[in-house]
Amino acid sequence: QVQLVESGGGLVQAGGSLRLSCAASGSIFGINTMGWYRQAPGKQRELVATIASGGSTNYADSVKGRFTISRDNAKNTVDLQMNSLKPEDTAVYYCNARVVAGHSPNYKYLEVWGQGTLVTVSS
């Protein structure tokens, strides 16, 4: 069993900053890509940013230059630093990880989601 636990959401004024954190725990052999997605009311879940185990990153155009994703492979954590926040960034943010779980030779390849953390940006 693998779990992702997020923290760091909250209410912030436009132009402000927040930092989201996510920690993976459980029977983890390794983690490939980790990322953040978000879902605004009435909209589909969308990619915000991902980071591979080697450190390469990918960002949605809407957050480029404002958000920074980082990870600590030793701690199985991923963070999202969000600066210059806008009201349109308001959403529930979900952590995601593609995990190799279990022990040799019985590995399982899992896609795991966190429970979500609400970010509200007021104008």
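Residue numbers start at 1 and run along the sequence shown.
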Check your understanding: More than 12 foreign heavy atoms under 6.0 Å from OH of Tyr109: is that the case here?
Key -> no

Exercise for review: Apply side chain to side chain contact (heavy atoms under 4.5 Å, CB included) to Ser7 and list each qualifying residue two or more places apart in sequence or on a separate chain.
Suggested key: Ser21

Review point. In terms of side-chain heavy atoms, does Arg45 have a donor or acceptor partner in Tyr37 at a distance below 3.5 Å?
Key: no

Practice item. Give the minimum heavy-atom separation between Leu4 and Ala24, together with the two atoms involved. Key: CD2-CB, 3.4 Å

Practice item. Indicate yes or no: does Asp79 engage Arg19 in a salt bridge with an N to O separation below 4.0 Å. Key: yes

Review point. After noting the C-alpha distance and the side-chain angles of Asn32 and Ser53, does the key distance pass the side chain to side chain donor-acceptor pair (under 3.5 Å) rule?
Key: CA-CA 5 Å; Asn32 296 322; Ser53 57; 5.0 Å; no

Practice item. Determine, using the 4.5 Å side-chain heavy-atom cutoff (strictly less than), whether Trp36 and Tyr94 are members of one ILVMFWY cluster. Key: no

Check your understanding: What is the minimum heavy-atom distance between Arg66 and Leu85, and which atoms define it?
Key -> NH1-CA, 3.9 Å

Review point. Would you call Lys86 and Asp89 a salt bridge, using N to O less than 4.0 angstrom?
Key: no

Review point. Are Met82 and Val92 connected, step by step, through hydrophobic side chains (Ile, Leu, Val, Met, Phe, Trp, Tyr) whose heavy atoms are closer than 4.5 Å?
Key: no

Review point. Between Asn76 and Arg71, does a side-chain contact (heavy atoms from CB on, under 4.5 Å) hold up when you go through it step by step?
Key: CA-CA 7 Å; Asn76 290 331; Arg71 67 186 282 175; 5.9 Å; no

Practice item. Verify the ring-centre separation between Tyr107 and Phe29: is it less than 6.0 angstrom? Key: yes

Can you give the donor-acceptor pairs under 3.5 Å from side chains of residues 110-123 to other protein atoms, not counting sequence neighbours?
unit_1 : atom_1 : unit_2 : atom_2 : d
Glu111 : OE2    : Asn96  : ND2    : 3.0
Glu111 : OE2    : Arg98  : NH2    : 3.3
Gln115 : NE2    : Glu6   : OE1    : 3.4
Thr117 : OG1    : Gly9   : N      : 3.3

Point to revise | Asn83 side chain to Ser17 side chain, donor-acceptor N/O pair below 3.5 angstrom | key: yes

